[in-house]
Amino acid sequence: MSTNITSVLKESRVFAPSEAFTQQANVSAEERERLVAWADKDPDGFWAAQAESLHWFKKWNKVLDWSNPPFAKWFVGGTINASDNCIDRHLTNGRKNKAAIIWEGEPGDTRTLTYQQLHREVCKFANALKTLGVAKGDRVTIYMPLTPEAAIAMLACARIGAVHSVIFGGFSAEAVADRNNDAQAKVVITADAGWRRGKIVPLKENVDAALAKSPSVTTCVVFNRCNHPVTMKDGRDVWWHDVMAKASADCPAEQLDSEHPLFILYTSGSTGKPKGVLHTTGGYMLGASLTHKWIFDIKDDDVYWCTADVGWITGHTYTVYGPLANGSTILMYEGAPNHPAEDRFWDLIEKYRVSILYTAPTAIRAFIKWGNQHVEKHDLTSLRLLGSVGEPINPEAWMWYHEVIGGGRCPIVDTWWQTETGSILITPLPGAIPTKPGSATKPMPGIAAEVVDKDGKPVPANAGGFLVVKRPWPSMMRTIYNDDQRFKDTYWSNYPGVYFTADGARQDDDGYIWVMGRVDDVLNVSGHRLSTMEVESALVNHPKVAEAAVVGRPDDLKGEAICCFVTLKQGNDPTDDLKAALKAHVAKEIGALARPDEVKFTDTLPKTRSGKIMRRLLRDIAANRVGTGDTTTLEDYGVLAKLRADEE
Ligand code: ATP
Ligand code: MG
């Protein structure tokens, strides 16, 4: 059996950035080359020079301590504060009256906070937390709708050295209780409710149920977002506005050790039980700010919109910490992309003249499914750069994003990274590198990402292998909270001293990296290891297909049979003829080897709440097995029941 992943993707289009973009880019092609060479030759010197861009109370005396791998320490001896870097710096560098956060609620209410105003709110809330007994090192759960207060709560924790654990507002009481207990949280910050698709999400009610099972939590702070009736428990629950009314606005940022924990964040759970990923301050802030500046080519007059909720790592690094560290104006939108109609995103972009948009392939595929008419109603000429994150982007979705949203003029940065990596590791620097639809291109300067075989040897061009990172980097996770052993076993045991991403990838003749998805998802068909993403991309490029998920089903003859779950674009009928046509289409696109054994039509696919397809659940359904894995992060429990019923 071959140990490598067979690549069947035949994508060959190349898009060079326009002359106009290149001329103004933060990083040019030559500069990129220089940075890569410098970082390879002298990684510590490279990172030290980059870290000068942050504000340190005290300088470090050692860049990296890797004496006890895999437990890294970065900028040893330095003291720093993330909240100070995101806010206070901008009060004296000419940005104090610049909009930090432009916010729109789902019902259409709006607010803008300048850096000065953000500073005041964060200082007050930090003092409120202190009054409630929160001390340096204590864990604080944040379970909020996407309002400025969610960011204020995060920054207030950072300001006093409390460790936040943000839980996405779509999660159940059960998930909140699990995470409270794992982190031993002392305080929970929530809201009465939030808006989602015109309906109320009863956050406080969920917290009440969670707190019945979270003995470590002594206090719950409730922000009044929706005037939704809630029960306030005496001696435990307090209103945000009450504690803020009494709080002083004077709260100097705590001078924290560079390795002081900044947050715990539980991973999406696409593959199993969520892991409490721990990030610390100095290295994380360097990764967040540097990648944001280089990859999003950020300028002072940009309106930057990352659509991720703060419940995900993307929301931490690219909605809050990265952009604020760079003094950017960020747009924040509370609700669903299809409320009140399918053009809400395009309406927001037109209204606020958004110049940089960062979103996920799952959203892009939904927009394609809904149709171009929603986009064409709006003026999107303010856009100059587009980003994608979360899953491999199918080349057809990339092309649509490029042409329909970007008007053919905006470079696309397809950014590969993980909760664990803290910041983007593989990505184009727009203006410095031509892009190819479906490829995240090359590692960030300083990142030693490689594709290797099972023995850790580099694989030849175009052969698939495993994506690893050979050198530590500043924003890497430090451990799994309270579980050093799981940290070692999960990421560092496959290849000694090397970080294992658990993703499969290949490098093409130009050295471009094509991430093919999770190693666990790889199909084994007649001795060939095929990536699900490649078969899915072939399906998605059929004009009638909106989205596809491909899994293997045990098969006596072939090892695994290819089983495809397909959703259709609006207005297409799920006929047997279409099934046959899709099988033929895949065989034509990528070869007889990849011909699907089975095609099933479905209205929706099981996804995590961050929008990623959960193939492990589909594998159980395809094999007619009773699933046993963790489903707490599943978006819609009804989907599974429906798919199972369809099987019968
Ligand atoms: P869990 O680790 O709990 O199973 P998860 O891996 O989905 O969940 P995240 O850290 O949010 O949690 O996602 C990281 C993963 O998302 C990557 O390992 C990769 O599989 C996928 N991914 C993210 N961005 C990209 C991208 N640009 N191209 C391809 N895959 C991507
Ligand atoms: Mg993962």
Side-chain angles (χ1 to χ4, degrees), residues 9 166 168 171 175 178-179 265-277 279 291 295 306 308-318 358-364 386-395 397-398 401 412-428 435-444 449 451 466-469 475-477 480 486-487 490-491 499-506 512-522 531-534 536-537 606-617 629-635:
L9 193 69
V166 184
F168 175 55
F171 279 138
D178 281 354
R179 288 160 175 73
L265 181 64
Y266 293 83
T267 56
S268 309
S270 309
T271 49
K273 186 179 176 314
K275 305 169 276 270
V277 170
H279 282 288
T291 51
I295 299 163
C306 164
D309 188 274
V310 291
W312 314 120
I313 188 67
T314 306
H316 281 59
T317 309
Y318 299 106
Y358 189 31
T359 195
T362 183
I364 296 167
L386 303 173
S388 170
V389 62
E391 289 179 288
I393 179 166
N394 317 106
W398 194 102
Y401 200 27
I412 294 180
V413 288
D414 173 6
T415 61
W416 179 90
W417 61 301
Q418 308 176 302
T419 308
E420 295 88 337
T421 67
S423 60
I424 296 165
L425 297 197
I426 304 175
T427 177
T435 52
K436 304 182 186 186
S439 169
T441 72
K442 296 191 176 186
M444 267 286 287
V451 183
F466 306 101
L467 185 62
V468 299
V469 188
S475 68
M476 65 199 277
M477 76 186 287
I480 291 177
R486 190 173 175 204
F487 174 58
T490 310
Y491 307 103
Y499 175 81
F500 178 55
T501 66
D503 279 350
R506 76 175 164 100
Y512 277 46
I513 294 174
W514 300 72
V515 176
M516 303 193 297
R518 297 156 201 287
V519 175
D520 297 355
D521 288 338
V522 167
S531 101
T532 52
M533 180 263 182
E534 296 180 309
E536 288 161 10
S537 290
K607 292 186 181 175
T608 63
R609 281 156 215 258
S610 53
K612 301 183 196 208
I613 297 168
M614 288 170 97
R615 292 183 195 78
R616 70 184 159 90
L617 302 180
D630 185 283
T631 52
T632 52
T633 62
L634 184 66
E635 185 193 25

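When a ligand or atom number is given, it counts from 1 through the structure's own listing order. As the structure is a prediction and not an experimental result, all values here were calculated from the model.
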>> Whether the Tyr358 and Thr415 side chains hold a donor-acceptor pair (N or O, under 3.5 Å, no angle test) is what I'd like checked.
In response: yes
> Atoms of ligand 1 less than 4.0 Å from Glu420 heavy atoms?
Replying inline: 10 (O)
>> Heavy-atom distances under 4.0 Å decide this one: backbone, side chain, both or neither, for Trp312 against ligand 1?
In response: neither
>> For Val522, is there any backbone N or O sitting under 3.5 Å from a side-chain donor or acceptor partner on Ser531?
In response: no
>> Assess the residue pair Phe487 and Met477 against the criterion (side-chain contact (heavy atoms from CB on, under 4.5 Å)); give the C-alpha distance rounded to whole Å, side-chain angles, the decisive distance to 0.1 Å, and a yes or no.
In response: CA-CA 9 Å; Phe487 174 58; Met477 76 186 287; 3.5 Å; yes
>> What I want to know is whether Thr501 and ligand 1 share at least one N or O pair that is separated by under 3.5 angstrom.
In response: no
> Of all the atoms in ligand 1, which lie at a distance below 4.0 Å from a heavy atom belonging to Val515?
Replying inline: 29 (C), 30 (N)
> Side chain, backbone, both or neither: which part of Thr267 comes within less than 4.0 Å of ligand 1 when only heavy atoms are counted?
Replying inline: both
> Numbering the atoms of ligand 1 from 1, which are under 4.0 Å from a heavy atom of Lys275?
Replying inline: 2 (O)
>> If the cut-off is 4.0 Å to any non-hydrogen atom of Asp414, which atoms of ligand 1 fall inside it?
In response: 26 (C), 27 (N)
>> For a 4.5 angstrom cut-off between non-hydrogen side-chain atoms, does Leu467 reach Val515?
In response: yes
>> Using heavy-atom distances only, which candidate in Gln418, Met533, Lys612 approaches atom 13 (O) of ligand 1 most closely?
In response: Lys612
> Quick one: are Arg615 and Glu536 in side-chain contact, heavy atoms under 4.5 Å?
Replying inline: yes
> Which atoms of ligand 1 sit under 4.0 Å from any heavy atom of Thr415?
Replying inline: 24 (N), 25 (C), 26 (C), 27 (N)
> From Leu425 CG over to Glu420 CD, what is the distance, rounded to the nearest 0.5 angstrom?
Replying inline: 10.5 Å
>> Against ligand 1, does Gly390 come closer than 4.0 Å with any heavy atom?
In response: yes
>> Using heavy atoms and a 4.0 Å limit, tell me yes or no: is Ile313 in contact with ligand 1?
In response: no
> What do the steps show when you test Thr362 against Lys607 for side-chain hydrogen bond (donor to acceptor under 3.5 Å, both in side chains), and what is the final call?
Replying inline: CA-CA 9 Å; Thr362 183; Lys607 292 186 181 175; 2.9 Å; yes
> Going by atom types alone, do Tyr499 and Thr421 pair a side-chain donor with an acceptor below 3.5 Å?
Replying inline: no
> Hey, is ligand 1 close enough to Thr419 that some N/O pair sits below 3.5 Å?
Replying inline: yes
